[in-house]
Amino acid sequence: MVENIDTSLIDWSRAQFALTAMYHWLFVPLTLGLGVIQAIMETIYYKTGDTFWKNTAKFWMKIFGINFAIGVATGLIMEFQFGTNWSNYSWFVGDIFGAPLAIEGILAFFMEATFIAVMFFGWDKVSKRFHLASTWLTITGATLSALWILVANAWMQYPAGMHFNPDTVRNEMNDFWAVALSPVAINKFFHTVLSSWIVGSAFVLGVSAWFLLKKRETRFALGSIKVAAVFGLVATLLTAWTGDGSAYQVAQKQPMKLAAMEGLYEGGNGVGLVAVGVLNSNKKAYNDDVNPFLFNIQLPKMLSFFAERDLNAYVPGIVNLIDGGYTKSDGTIALSAEEKIARGQMAIKALANYKKAMKDKDEVAAKEHRATLEANFEYFGYGYIREKTDLIPPIGLTFYSFRVMVILGGFFILLFLVAFFMEKKQKFEKATWLQWVSICSIPLAYIASQAGWIVAEVGRQPWAIQDIMPVSASVSKLSVGSVQTTFFLFLAIFTVLLIAEIGIMIKAIKKGPELENHSN
Amino acid sequence: MDSTYILLQQYWWFVISLLGALLVFLLFVQGGQSLLFTVGKTELQQKMLLNSTGRKWEFTFTTLVTFGGAFFASFPLFYSTSFGGAYWVWMAILICFVIQAVSYEYQSKNGNLLGKKTYQIFLIINGVLGPILLGTAVGTFFNGAEFTVNKANLTEIGMPVISSWDNPLHGLEAVFVIWNVFLGLAVFFLARVQALLYFINNINDEEVDKRARKQLIPETALFLVFFLAFLIHTLVQDGFAVNPETKEVFMQPFKYFTNLIEMPVLLVVLLLGVVSVLFGIIKTILPGQWKKGIWFSGVGTVLVVLVLFLIAGWNNTAYYPSVTNLQSSLTIENSCSSFFTLKVMSYVSILVPFVLWYIYHAWKALDLRKIDKEEMEEGHHTY
């Protein structure tokens, strides 16, 4: 009897990974953003000697510490889950994927762990300069750890710098810099870290606005707003810029993800960008004649421009990507999904034949099968795809998440701009409406951040590694019940800890900063 | 095979062994947590204990993460086989550490939902189960696990899974092998011994000092019972050897003892380590106020554990043996990363001494002033 992977095992494994990643990503952006803000504040203290800034920095460090602990907890599960739930993946690409993870541990985590202790406990034990250096090194370590894990993630979206070794049955790295400095990795790093700075800024702005609303700690609140507004404005503008770079990379390397982000079924030249739209739930198949939208407003030709830097460029839709036959930007004709699946199966079969020939010591046959494998390896992962429609990611989730992210990104540019000018004109303190908007913006920043990851990760389904390994071929052989149990276990633990974290934060915020002799 | 590649494989097994050894030393944090209510009789004493280990917990945690990351990068087949197979053991270990990560920070804070006691119980759970489970898991390096590896499975489109576990308990069966548990208990009591020595060194409080010194005797006795039983059994048992020509795995009598004899440097290091551990403990127990036992015992621990890892993998030994399918056993050679990856990571590992250098300086700066009642009452950032 032919054994098959249980599809619910794949779904539950994905659900567990998504759960952990999304919880982890609730805490990391605040660490990355707040870490820089508190370091800027301590730098002002170092430069001016004004203890107001020391105490302001110390208040935000207290919040940072509460948030950091739970980020560490969820991060641990993230790392080991590659092995526990995606064991096949771990062998198939561990040679490449493991290296950034190890470098992350050796270079970034230790820096973070060492200097965070000095940052919290070293105020009266080390010099001002050593302490300031420790604060900056803590956030540098955190940012470097983001760099390496994002390099690893980017590699999954755009595998580069490697080759497949049929003898070891895995992919092996042959160019470290192609992995570390791939355009996808560079864009992903900047876009992700800069967007985290938005979360940090929105958090500081919102909490400070609450103090103003309560008419408490005014100097502290306005000082914090001054730093957060400038920092947030810079972060949002740079995030928009790197977001454009990311979208361009998606268009080049993951055209199906772009089509899902846009709800684009039929491609063409001079394609418009959907500014707002509502998807039609009556569309059941990618190739039926039902209009994918109930309504939408498009910006003419802009998708072509963002995707190819040419207003009239061709952008393929889902139908084109499945059916193939269109001319790609490099002049070649795109294969259909069926052809790719056939070539993937050919590659897998050639690998099996190669292994057999090697076992039989038949070098001629081995050489022949290896050549077939190499000629078709580009489509290796397609060989595991059962239906061509499995290649289409969830459209609704990707489409709406993308819009939520972009619209909120625009909102934050406006918010920080207004906050910056109101603070400059000394009107923030009186602007109750802006204080309320700032408070309400805290969850919006988290929603935007989560939406960004949904676009990146849901949009690339079914691939664990683009074109090379689908999630169905990546999972560990476990019982569905085991994964379900750990899913609910993690759900319960993370939820309880999240509630605890929020409770502690609220108490700490309500207590306010200890400003010693500085009156309001 | 390229001799440089072989050298890199051995080098990375050494790095993994060193990380494992450092991890066992740093488990004094867990040992300290497990002693929270044994050594700390008043709330203030408990606070001092928590602040003593609490300022170091991240080193243990980070070492565990780096140990996992380095294993993934250098021996990915172990990562995929053990983590994906011995699912429940690793999940239990992870959950133990998840609850630790938040407990130091949250236990003394208002609004923490579960109450101070709950977080302290989390710390005790982590302190007890963390070392026992880690030790038990490492015990399988010598006593084997139940798995099968077949890389050709990748060509089975319906079920392309390379490594599969042969026992439905998915790792929990390791606790039914008494020698695994003995190692787990040895690690646990060693962690408690180290914690007591660390408290003596790090906390300026007469009562804590007195109680820690008293507690040292039974903890040391229990450590020695379990450690010596495990060590003697390991040295006399049949080990998982690899034929260097055919790569076939076979059972060899006294394999681990033979490894020590054939690598005499390791034998010397092992003996030095044991002497150093015992010296640190005995001199602390003897009358006087000697406080430096942790350093002797710590260095000794690193040396002993390093040797245990090295004899599990070096000298043609299968470091992760399969008892259900002997030829699926993992060796340094059949489970490691490619030459290129090991080379790249070796360049990165050159930075490790620099990392150790700044850890040393930061640690020294923080420990310059010992933890005392005054500091706990000053109102600065404390746990």
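Hydrogens, waters and symmetry mates play no part in the numbers below; they use all other heavy atoms, side chains included. In what follows, chains carry the letters A, B, and so on, assigned in the order in which the sequence lines appear, proteins first and then strands, with residues in each chain numbered from 1.
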Examine whether an atom of E501(A) lies under 4.5 Å from a heavy atom of chain B, and if so say whether it belongs to the side chain, the backbone or both; otherwise answer neither.
both
Please confirm whether Y79(B) and Y89(A) have ring centers closer than 6.0 angstrom.
no
Dump the intermediate steps for ring-ring contact (aromatic ring centres under 6.0 Å, His included) on F121(A) and Y383(B), then the final yes or no.
CA-CA 10 Å; F121(A) 302 106; Y383(B) 289 124; 5.3 Å; yes
At a 4.5 Å cut-off on heavy atoms, which part of V118(A) comes close to chain B: side chain, backbone, both, or neither?
both
Which atoms of F380(A) approach chain B - backbone, side chain, both or neither, heavy atom under 4.5 Å:
side chain
Quick one: side chains of residues 341-350 of chain B, donor-acceptor pairs under 3.5 Å with protein atoms, not counting sequence neighbours, listed by atom name and distance.
residue	atom	partner	partner atom	Å
T341(B)	OG1	D95(A)	O	2.9
T341(B)	OG1	D95(A)	OD1	3.3
T341(B)	OG1	D95(A)	OD2	2.7
T341(B)	OG1	S338(B)	OG	3.3
S346(B)	OG	W12(B)	NE1	3.0
S346(B)	OG	L342(B)	O	2.6
S349(B)	OG	Y11(B)	OH	2.5
S349(B)	OG	S346(B)	O	2.7

Heavy-atom distances under 4.5 Å only: say whether K477(A) touches chain B with side chain, backbone, both or neither.
both
Pick one of side chain, backbone, both or neither for M61(A), based on which atoms fall under 4.5 Å of a heavy atom in chain B.
neither
Identified side chain to side chain contact (heavy atoms under 4.5 Å, CB included) counterpart of E79(A) within the set T66(B), V65(B), L94(B)
V65(B)
Chain B contact via F82(A) - side chain, backbone, both or neither, heavy atoms under 4.5 Å
both
Counting heavy-atom pairs under 4.5 Å with chain B, the top scorer among G83(A), A102(A), G122(A), G383(A) is G83(A)
Portion of I116(A) that has a non-hydrogen atom of chain B nearer than 4.5 angstrom:
side chain
Segment of V475(A) engaging chain B (4.5 angstrom heavy-atom cut-off)
backbone
If you take all heavy atoms of A99(A) and A73(B), which pair is closest and at what distance?
N-CB, 3.7 Å
Which bit of I493(A) comes within less than 4.5 Å of chain B, counting heavy atoms only: side chain, backbone, both or neither?
side chain
Does some side-chain heavy atom of L366(B) sit less than 4.5 Å from a side-chain heavy atom of F120(A)?
no
Residues from residues 166-174 of chain A approaching chain B under 4.5 Å (heavy atoms):
T168(A), V169(A), R170(A), E172(A), M173(A), N174(A)
Is it true that Y358(B) and F115(A) have ring centroids separated by less than 6.0 Å?
yes
Can you tell which part of M469(A) gets under 4.5 Å to a heavy atom of chain B, answering side chain, backbone, both or neither?
side chain
Given that the side chain runs from C-beta out, which part of D175(A) has a heavy atom under 4.5 Å from chain B: side chain, backbone, both or neither?
backbone
